[in-house]
Amino acid sequence: MALTGVDVTKRGVVLFDFDGTLANTIPAITSTARTVLLRHGLTDETLGDLMRLVGPPFPQAYSLVYGFSPEEAVQITAEYRAIYTTLGVAGWPLFDGVSELLADLRAAGRRLAVASSKRVTLVEASLEDNGVRNLFDAVRGKPTDDEISKAQIITWALEELGADAADAVMVGDRHHDDEAAAACGIPCVGVTYGGATQPGEHEAAGACAVASTVDELRRVLLG
């Protein structure tokens, strides 16, 4: 059940999605995916909206969005990562104001975690590259490419922190985040500044609030 209209300013644990929420990874994700998908027989016309790949986990996203077999999706993911992992921090910069927001949340006594459908090794490296890994008490992502639900990843983060759902809030940019948080009994703040969110997406998925800028997110989380 979605937890809409909930005041989250006093919740002690803030869980963040990574892509499109903390970091502006969407240009790198979509451009890298385009390069690889063109090798696999798609054209710019048949690619359609590459934003559809932002949110669902890889390699499953390639089957979900483009209908590739599980085997070819694994191969596409390997080729994608061979390019993506070489990009460095230019491929995953934090959005302006995010680093300061994280520091202020920590100063206010909040505990922070990442709960992402990205491979955890990539998330850890990206946080280190941006100089903010030390601000997080837990970092959870996919340990393998096996299909793992976002709700499971959120659950792992809460368990690592020894935290209760009643004291937590999720922040994410796609309906997957809203729905997974609701499945865990946690309100979710939807953000739209990353550019992947469809109009009305968060509202339809039951987000407790929607922030179109990092400053708005600050107000929702800190009051």
Side-chain angles (χ1 to χ4, degrees), residues 2 16-87 90-93 95 114-123 125-126 140-154 170-184 188 190-207 210:
F16 288 92
D17 177 48
F18 186 74
D19 292 322
T21 301
L22 292 175
N24 186 16
T25 56
I26 292 170
I29 289 172
T30 54
S31 64
T32 304
R34 177 182 178 276
T35 297
V36 175
L37 289 169
L38 290 176
R39 297 176 189 163
H40 284 259
L42 295 181
T43 66
D44 280 321
E45 290 72 28
T46 57
L47 281 173
D49 184 7
L50 283 160
M51 293 283 197
R52 293 176 295 167
L53 291 172
V54 181
F58 290 177
Q60 292 82 11
Y62 292 111
S63 299
L64 176 69
V65 176
Y66 292 108
F68 286 104
S69 70
E71 295 75 18
E72 192 163 10
V74 167
Q75 177 59 35
I76 291 169
T77 299
E79 294 175 25
Y80 166 92
R81 288 187 182 138
I83 299 171
Y84 185 81
T85 55
T86 67
L87 299 178
W92 39 82
F95 287 105
V114 174
S116 170
S117 293
K118 204 179 190 77
R119 281 292 292 269
V120 67
T121 50
L122 291 174
V123 179
S126 300
R140 285 290 182 164
K142 289 181 64 177
T144 71
D145 279 336
D146 292 341
E147 189 165 2
I148 299 169
S149 72
K150 186 63 174 276
Q152 180 62 68
I153 294 168
I154 292 172
M170 179 73 191
V171 181
D173 72 319
R174 298 303 313 274
H175 66 89
H176 310 89
D177 302 302
D178 305 313
E179 293 158 358
C184 295
C188 187
V191 300
T192 61
Y193 49 74
T197 315
Q198 297 300 310
E201 178 175 339
H202 289 303
E203 291 84 351
V210 179

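From Asp173, atom CG reaches atom OG1 of Thr192 across 9.5 Å, with rounding to the nearest 0.5 Å. How far CG of Leu42 is from CG of Asp44: 10.0 Å, rounded to the nearest 0.5 Å. In this structure, Arg52 CZ and Gln198 CD are separated by 10.0 Å, a value rounded to the nearest 0.5 Å. The line from CG of Leu122 to OG1 of Thr25 is 10.5 Å long, rounded to the nearest 0.5 Å.
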Determine, step by step, whether Asp177 and His202 satisfy the side chain to side chain contact (heavy atoms under 4.5 Å, CB included) criterion, reporting the C-alpha distance in whole Å, the side-chain angles of both residues, the deciding distance to 0.1 Å, and the verdict.
-> CA-CA 9 Å; Asp177 302 302; His202 289 303; 5.7 Å; no

Can you check side chain to side chain contact (heavy atoms under 4.5 Å, CB included) on Leu50 and Ile26, steps first, answer last?
-> CA-CA 9 Å; Leu50 283 160; Ile26 292 170; over 6 Å; no

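Closest non-hydrogen pair, Tyr84 versus Gly91, comes out as OH-O, 4.2 Å. Counting all heavy atoms, side chain and backbone alike, Val191 lies closest to Gly20 at CG2-O, 4.0 Å. Scanning both residues, Ala207 and Gly190, for their nearest heavy atoms gives CB-N, 4.0 Å. Between Tyr66 and Asp49, the shortest heavy-atom distance links the atoms OH-O, 4.3 Å. Closest heavy-atom contact between Ile154 and Cys184: CG2-SG, 3.9 Å. Between Thr85 and Trp92, the closest heavy-atom pair is O-CH2, 4.1 Å.
When side chains are defined from C-beta on, Thr197 does not count as touching Val210, because their heavy atoms never get closer than 4.5 Å. Residues Met170 and Lys150 are in side-chain contact: their nearest non-hydrogen atoms beyond the backbone lie under 4.5 Å apart. By the 4.5 Å heavy-atom criterion applied to side chains, Arg81 and Asp145 are counted as neighbours. Between His176 and Pro56 the shortest side-chain heavy-atom distance falls below 4.5 Å. Looking at Ser117 and Ile153, their side chains come closer than 4.5 Å, going by heavy atoms from C-beta outward. Looking at heavy atoms from C-beta onward, Arg174 lies out of side-chain contact with Thr21 at the 4.5 angstrom threshold. Side chains of Leu53 and Phe58 form a contact here, defined as non-hydrogen atoms less than 4.5 Å apart. Between Ile29 and Tyr80, the closest side-chain pair of non-hydrogen atoms falls below 4.5 Å.
Under a 3.5 Å cut-off, the side chain of Ser63 and the backbone N or O of Phe68 do form a donor-acceptor pair. For Tyr62 (side chain) and Val74 (main-chain N/O), no donor-acceptor pair under 3.5 Å exists by modelled atom type.
Applying the salt bridge (charged side-chain N to carboxylate O under 4.0 Å, His left out) rule to Lys118 yields the partners Asp19; only residues at least two apart in sequence or on another chain are considered.
A donor-acceptor contact closer than 3.5 angstrom is absent between the side chains of Thr35 and Thr32. Judged by distance alone, the side chains of Glu71 and Gln75 never bring a donor and an acceptor atom under 3.5 Å apart.
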